[in-house]
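Keep in mind that the numbers below use all heavy atoms, side chains included, and drop hydrogens, waters and symmetry copies. Just so it is clear: chains get the letters A, B, ... in the order the sequence lines come, proteins before strands, and each one is counted from 1.
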Amino acid sequence: MPRDASTDKPLVELVNITKIYPPDIVALEDVSLRIYKGEILFLTGMSGAGKTTLIKLLFCLETPTRGLIEIAGRDLFRLSPVGIQQMRQKIGVAYQDFRLLDKQTVFQNIAMAMEVTYASAKEIRVRVGELLDLLNLASKRNKPVGELSRGEQQRVALARAAANRPTLLLADEPTGNLDQTTTELVINLFRRLNEEDGSTIVVATHDESIYAKTEHRVVELHNGQLAAHLEQTPRQVELF
Amino acid sequence: MQFLTYILCQTGKNLRQTWGAQVMTLLTVTLSVLIFAFFFLIYTNMLRASAQLGDDVRLIVYLDQEVTEQMRPVLETRIRDFGPVEKIVFVSRAEAFARLSAQMGKEKDVLNDLGPDFLPPSLEVYPLKNLNDLSKINQFSDFLQTLPYVTKVQSGLDWLQRFGYFTSLLRIVVLLSGSLLIISMTFIVSYTLRLTVLSRQGELEILRLLGASSAYIRLPLLLEGMLQGVLGSSLGLAALYILYQWIVSRFSGPGFLKLFEFTFFPFELTAAILLAGIVLCTVGSLFSIRRFIRI
């Protein structure tokens, strides 16, 4: 979904965000960033650059030491508990450590995201089936997640993040355990979410292969600071 | 509707995941309700019996000679001057003998050799029904002892007093078993719920991250406590009813239970015990939810 920065209001706005973990570990320093509605943004950088911290801040899992984060014009850290809960239903997150329930099946893990929004059983069945097909997991539908490979678990985490057709999808190292073929499946999922559902997608990754030839914006973090802010020009790309 | 379905599903999931602890909790709640309700049932029956006995209180004043027609109003006036009475019945030797004969029924022949004059004449004094204070009846008894021709005053107060002491003791037992009920139900339900929370810690954390509402997470746990209350109290009361039926059928012949009408709780009281059980279990689950669930 192409975006026009001149008319669009940012969906996410970070203003001078600093995050210091005790005693004095600076994870992010004075980061300002706008993410527009319908945009796909790659957040890149080496391990320890602050990508995961930024994702956590966007999802209210951490609070910034200084600065302001607004999502859809609302100060994230002034939201009431109910406000946070409602916001989380609209944001899909694929965590680096997956956060899946090992004893529950693939279907149950993905369905859980829709159950908390009180979606009907039929809606859940259809949507989960669709995602399993998209991510080539249909044959694993009734398998406990604990019995899957890391790569399969990663796709389950992504499917759960995408289940509610989120307004904002945050994916932390989504292809870390995937081969080239399955990486393409994941990229395809992002593209569909972006184009068909208008989801804004933030991908934190150090896997250069998935953003090297992208037409979307790539933002690089280096030692907790915004190192580069590249507006990619549209071009022939392999993945996007 | 969708909301309710999810809450019920979550509750079912909780119960399945900790079914062992759930069964133990159910048994404890059932037993607590049974113990309390059993003593309470006996207590309420004793209270009713006590009230009946109080209504039947009469003082029998044995005299050493028959009361003449002239003496009757004099005695009556002196008695009524001391305290209000319902009625005073003069029983002559002949009337006493006739009563005894009637009570003996077919065996009245044994009285033939004794003759109609062997029983003493007496006065039966029935205090007013509102005079149910044992000490006042005692005073009345002492006063009657001072009347002319009186040889003995029989009141049956000793027995009533012992009955009163027993009822008081039973009241303490009821209070103790009630306290046991409160402590055991709230504690055990709270503890079991803690197990549920701990066993689902990871899942609850993920639900929070997925944006599950407070109701979505907390209501199933609350419902779990309520269910324990409903099932435990119902089973406890059902067990008590079976026990009650057994007691009634086993001891329905002549004896203690023949003296009083041994009845089960009225519907209102049964419902109140059931409700109390549900409330206590719900309070127990609330304790755990407030303590262990942070949303």
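The CZ atom of B:Arg208 lies 11.0 Å from the CG atom of A:Leu61; values are rounded to the nearest 0.5 Å. Interatomic distance, A:Glu115 CD to B:Cys9 SG, rounded to the nearest 0.5 Å: 7.5 Å. Rounding to the nearest 0.5 Å gives a distance of 12.5 Å between CD of B:Glu203 and CG of A:Leu100.
Taking each heavy atom of B:Ala212 and A:Val116 in turn, the nearest pair found is CB-CG1, 3.5 Å. For the pair B:Ile206 and A:Arg99, the tightest heavy-atom approach, listed with the atom from each and the gap, is CD1-O, 3.1 Å.
In summary, the side chains of A:Tyr118 and B:Thr5 do not present any donor paired with an acceptor at a separation below 3.5 Å, with no hydrogens or angles considered.
Dense packing is recorded around NZ of B:Lys13, with more than 12 heavy atoms of other residues, nucleotides or ligands lying under 6.0 Å away. Within 6.0 Å of CZ in B:Arg48 there are more than 12 heavy atoms belonging to other residues, nucleotides or ligands. Heavy atoms from other residues, nucleotides or ligands lying under 6.0 Å from CZ of B:Phe264 number more than 12. Within a 6.0 Å sphere centred on CZ of B:Phe187, heavy atoms belonging to other residues, nucleotides or ligands number 12 at most. When the shell of 6.0 Å around OH of B:Tyr241 is examined, it contains 12 or fewer heavy atoms from other residues, nucleotides or ligands.
If you measure heavy-atom distances from A:Gln104 to chain B, the contacts under 4.5 Å come from the side chain alone. Of the atoms belonging to A:Ala163, not a single heavy atom falls under 4.5 Å from chain B. Contact of B:Tyr216 with chain A is made through backbone and side chain together, with heavy-atom distances under 4.5 Å. Neither the backbone nor the side chain of A:Ile91 comes within contact range of chain B; no heavy atoms are under 4.5 Å apart.
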Exercise for the section: Kindly indicate, with the supporting measurements, whether the criterion side chain to side chain contact (heavy atoms under 4.5 Å, CB included) is fulfilled by A:Phe59 and B:Leu209. Expected result: CA-CA 9 Å; A:Phe59 196 57; B:Leu209 294 176; 4.0 Å; yes
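A distance-only check finds a donor-acceptor pair linking the side chain of A:Gln89 to the backbone of B:Gly211 [under 3.5 Å].
The residue among A:Met112, A:Met87, A:Gln85 with the most heavy atom pairs within less than 4.5 Å of chain B is A:Gln85.
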